[in-house]
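Taking it in order: structure first as structure tokens, then the write-up.
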Amino acid sequence: MQENKVSDDVIEIDLGELFGRLLSKWWIIATSTLVIGVAGFVISSFAMTPKYESTTSIYILSKQNTDTLTYSDAQLSSQLTKDYKKLITGRYVLEQVIEKYELDENYESFVNRVTVENEADTRIISITVKDVNPSVAQELANEIREVASTHIQ
């Protein structure tokens, strides 16, 4: 005959004792918090360079007849936005901007700072440029928009 053994191991946790032990080490907790806070402040203030983003937009409209806008023009514009995204980040457009602003970087590094997005079901393309200087980011984004619109036409 086999005996069924039931174990009645119970572990009791006294929350008052647990908080008492934590409070007895309050100086370790306070010192750790202070050291981590100061280290985070020093790193974010002196070691990290802030990056700013500037975004501009282009409205894509394919008009074959300059007087009226047809449904087929709107459809064609929506389909062309993917092609235009590629053209905007293409070598021709970005190298024009690099040359105009005499940037000290090549196409490969500059294209990593440029993001081109198109929200679904819209004909609006957003161009975002990252830079350490917010006004430079704005100027570059606007120039990419201008060069791209000329190139796309």
Side-chain angles (χ1 to χ4, degrees), residues 1-62 74-149 151-152:
M1 186 180 234
Q2 206 176 11
E3 292 182 28
N4 289 335
K5 294 185 179 181
V6 177
S7 177
D8 289 334
D9 291 336
V10 176
I11 298 174
E12 188 175 309
I13 298 174
D14 184 9
L15 291 178
E17 182 182 345
L18 184 64
F19 286 124
R21 286 189 182 195
L22 280 174
L23 286 177
S24 70
K25 307 290 185 189
W26 70 269
W27 60 274
I28 295 174
I29 296 169
T31 304
S32 302
T33 303
L34 185 65
V35 167
I36 291 171
V38 168
F41 173 76
V42 168
I43 289 172
S44 67
S45 296
F46 301 109
M48 295 176 67
T49 305
K51 294 276 185 177
Y52 298 96
E53 291 184 353
S54 181
T55 302
T56 187
S57 299
I58 296 178
Y59 182 73
I60 304 297
L61 184 59
S62 173
Q75 284 293 102
L76 181 60
S77 298
S78 294
Q79 293 171 352
L80 288 175
T81 54
K82 292 177 186 168
D83 297 335
Y84 292 160
K85 283 173 55 176
K86 280 296 215 191
L87 287 173
I88 292 169
T89 57
R91 212 171 256 287
Y92 177 81
V93 172
L94 295 185
E95 283 184 352
Q96 293 276 332
V97 175
I98 291 170
E99 185 179 312
K100 179 176 180 178
Y101 284 92
E102 300 174 350
L103 300 177
D104 189 25
E105 62 184 312
N106 59 14
Y107 167 78
E108 287 77 18
S109 66
F110 188 54
V111 76
N112 290 331
R113 298 193 302 133
V114 177
T115 306
V116 179
E117 295 177 341
N118 170 241
E119 289 190 37
D121 300 328
T122 68
R123 293 182 305 269
I124 298 173
I125 295 178
S126 299
I127 302 168
T128 303
V129 177
K130 295 177 188 170
D131 197 85
V132 295
N133 185 332
S135 61
V136 170
Q138 179 186 15
E139 286 180 35
L140 292 174
N142 289 336
E143 185 63 25
I144 291 171
R145 182 192 65 215
E146 294 302 319
V147 172
S149 65
H151 179 63
I152 288 170

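Keep in mind it's a predicted model, so treat the numbers as computed, not measured.
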Which value, rounded to the nearest 0.5 Å, describes the distance between [X] atom [atom1] and [Y] atom [atom2]?
X	Y	atom1	atom2	answer
Tyr92	Tyr107	OH	OH	14.0 Å
Glu146	Gln96	CD	CD	13.0 Å
Leu94	Leu140	CG	CG	10.0 Å
Lys130	Thr115	NZ	OG1	5.0 Å
Trp27	Ser32	CH2	OG	9.0 Å

Might you point out which heavy atoms bring [X] and [Y] nearest each other, and give the distance in Å?
X	Y	answer
Glu105	Ile98	O-CG2, 3.6 Å
Ala141	Thr56	O-CG2, 3.3 Å
Ser126	Thr55	CB-CG2, 4.0 Å
Ile29	Leu22	CD1-O, 3.9 Å
Ile124	Ser57	CG2-CB, 3.8 Å
Ala137	Tyr52	CB-O, 4.2 Å

Check the surroundings of atom CG in Asp14: do more than 12 heavy atoms from other residues, nucleotides or ligands lie under 6.0 Å from it?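 Count over threshold, so yes.
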Looking only at the side chains, is there a donor atom on one of Asn106 and Ser109 sitting less than 3.5 Å from an acceptor on the other?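 On atom types as modelled, these side chains qualify, holding a pair under 3.5 Å.
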Could Arg113 and Glu53 be called an ion pair, given the rule that one side-chain N must be under 4.0 Å from one carboxylate O?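 So Arg113 does not pair with Glu53 through a salt bridge.
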Which of these passes side-chain contact (heavy atoms from CB on, under 4.5 Å) with Val147: Val97, Ile88, Asn142?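 Among the candidates, only Val97 passes.
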Among Val111, Thr89, Ile58, Leu87, exactly one meets side-chain contact (heavy atoms from CB on, under 4.5 Å) together with Val116. Which residue is that?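 Only one of Val111, Thr89, Ile58, Leu87 forms a side-chain contact (heavy atoms from CB on, under 4.5 Å) with Val116, namely Thr89.
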By side chain to side chain donor-acceptor pair (under 3.5 Å) - contacts of Lys100 (at least two apart):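 In terms of side chain to side chain donor-acceptor pair (under 3.5 Å), with neighbours along the sequence ignored, Lys100 is linked to Glu143.
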Can you sort out the partners of Glu99 under side chain to side chain donor-acceptor pair (under 3.5 Å), two or more places apart, ordered by chain and number?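 For Glu99, no residue satisfies side chain to side chain donor-acceptor pair (under 3.5 Å) once neighbours in sequence are set aside.
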Between the main-chain N or O of Ile28 and the side-chain N or O of Thr31, is there a donor-acceptor pair closer than 3.5 Å?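 No; zero donor-acceptor contacts below 3.5 Å.
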Sub-4.5 Å side-chain heavy-atom contact between Lys85 and Ile125: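 Answer yes - side chains close enough.
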